[in-house]
Amino acid sequence: MKVFLSSLSSLSFWLPPLIRFICILFSAGLTYFFIGPRAGLSVALAILLFIVIQQLSYLYKLDAWLKHPGSTRLPNGWGAWTPVFSSLYRLRRDDGKNQAELSEWLARFRQAMHLLPDGVVIMDTLLCLEWCNPAAEKHLGIKLEKDQNMRVTNVVRHPDFIQYISTGDYKEPCTLALRERTLIVQIIPFENRRQILVTHDVTEAKQIEMMRRDFIANASHELRTPLTVINGFLEIASTHPELDEVTRMNHLTLMTEQGQRMQHLVDDMLTLTRLESIDYPVRSEQVDIPKLLDQILREAQALSGGKHEISLHIDGPNIHGSMEELRSAFGNLVSNAVRYTPEGGKIDLRWQIVNTADQNKAGLQFIVQDNGIGISPEHISRLTERFYRVDKSRSRETKGTGLGLAIVKHVLLRHHAALNICSQPGKGSTFSAHFPMSAKLAS
Ligand code: ADP
């Protein structure tokens with residue numbers, strides 16, 4: 001607008017009509033002088049009429065252009081119209097540029113709001129929904145199309161939410177358990193007539209916090225039992241110095257066993273912590289499968305003490321991965337088979353390649369099959385949870401820590417492999433670790 005006004009006040013605007021006016025006067029004067037007063041007046045009138053018609057035609061074109069600026073072109077103009085038209089042209093061009101910039105900003109804002117993991121709801125003073133982003137729709141279970149202009153308390157009918165809104169005190173956020181998620185919700189006054197409702201999903205953080213608390217509680221509980229045993233024997237030793245050598249040796253053996261149990265537990269906890277740490281990437285190396293499985297077979301035979309029939313079949317290539325981690329995972333699966341299979345049972349270890357067109361099934365498998373006690377179906381999905389045991393006393397009897405399968409799960413995850421469990425109580429179990437074909441070493 002400033003540009004427009006400044007050009008109107010410039011010389012280029014006033015000069016042409018002034019010259020034109022002087023020319024009319026001059027031509028009328030000349031005619032008057034050479035032909036007579038009537039002719040002079042007629043010439044002046046004719047020129048004025050011509051100018052009026054021309055001005056009207058420009059006004060008409062300007063009017064048409066203002067009504068449909070996109071469809072009609074402005075004439076170049078003549079005289080004082082030239083700066084007017086060019087200023088209008090410039091105004092329109094700047095306006096178009098501003099519009100394009102504004103649309104670009106709006107598109108960027110919309111995209112950012114779409115990608116934002118936090119929910120944003122814009123409401124008017126009456127708490128009626130004006131706009132919200134997809135995260136808010138997901139968190140609060142609302143639909144912008146359907147719920148626009150509805151009062152949010154009518155759409156989100158959670159008593160805690162309604163209470164938070166009704167207090168009118170929004171300095172602190174409120175925590176809501178909504179649609180199986182935990183949300184932190186806060187209202188922020190915005191402009192004079194609007195308010196923003198922000199939702200932040202803390203479900204995962206809460207779960208991690210709960211898992212951490214459970215882990216500490218479980219670990220303390222696991223360590224307390226052997227510690228109580230050791231403390232008990234130490235107390236007996238200090239209060240009963242008269243105890244005979246055989247009893248003392250017996251107590252020492254039991255204390256050593258409990259000490260070893262604590263050692264296993266701490267070792268397993270440290271292994272799990274390391275495996276879960278993102279700062280500890282897989283040390284990828286060539287894994288010599290025959291060498292690794294032979295070693296595991298010998299360890300299993302030692303653990304079994306000749307009470308089981310253990311066989312090993314290798315029919316697959318070597319892979320790349322972490323030898324140490326795979327030894328721990330495979331070792332855990334095999335030692336479980338030994339520990340949960342009664343005397344005289346059979347344990348079959350297999351390493352095989354699965355060649356099939358189905359990409360999900362193709363790969364390499366380590367299978368541990370036993371005909372031991374088996375597991376009821378309701379336990380299977382929980383077996384890889386830390387400290388989860390089907391039968392606590394049996395696990396303790398066989399020196400289990402309850403962390404073995406959690407370690408297996410993490411090692412396999414780090415190798416992009418998956419654990420499958422099939423089991424039937426009383427019949428036995430099959431644990432298979434499935435590796436993608438990409439793990440295969442080029443021979
Ligand atoms: P634990 O140290 O108690 O063996 P794991 O995490 O290795 O802990 O195993 C979790 C539970 O899964 C065990 O307590 C046991 O109940 C069950 N389990 C694991 N392997 C077998 C198996 N081969 N046969 C039967 N039950 C098993």
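On a predicted model such as this, the values are computed, not experimentally measured, just so you know. Counting starts at 1 for both ligands and their atoms, in listed order.
Heavy atoms of His379 come nearer than 4.0 angstrom to ligand 1 in no pair at all. At a 4.0 Å cut-off, at least one heavy atom of Thr401 sits close enough to ligand 1 to count as contact.
Listed by first and then second residue, the ring pair (Phe, Tyr, Trp, His ring centres under 6.0 Å) pairs that reach into residues 316-370 are Phe330-Phe366, Trp351-Phe435, sequence neighbours excluded. Note on residues 162-173: no pairs pass side-chain hydrogen bond (donor to acceptor under 3.5 Å, both in side chains), not counting sequence neighbours.
Here the heavy atom of the protein found nearest to atom 13 (C) of ligand 1 is Tyr340 OH, 3.4 Å. Nearest to atom 5 (P) of ligand 1 among the protein's heavy atoms is Leu405 N, 3.6 Å.
Ligand 1 has no nitrogen or oxygen under 3.5 angstrom from a nitrogen or oxygen of Ile375. Between Val390 and ligand 1, at least one N/O pair is under 3.5 Å apart.
Close contacts between ligand 1 and Gly402 involve ligand atoms 1 (P), 2 (O), 3 (O), 6 (O), 8 (O) [criterion: under 4.0 Å to a heavy atom]. For ligand 1 and Gly404, the ligand atoms under 4.0 Å from any heavy atom of the residue are 5 (P), 6 (O), 7 (O). Near Tyr388, meaning under 4.0 Å from one of its heavy atoms, ligand 1 places the atoms 10 (C), 11 (C). Atoms of ligand 1 found under 4.0 Å from any heavy atom of Arg389 (numbered from 1 in listed order, with element): 3 (O), 14 (O).
Within 6.0 Å of the CZ atom in Arg193, the count of heavy atoms belonging to other residues, nucleotides or ligands does not exceed 12.
Counting heavy atoms under 4.0 Å from ligand 1, residue Leu333 does not touch it at all.
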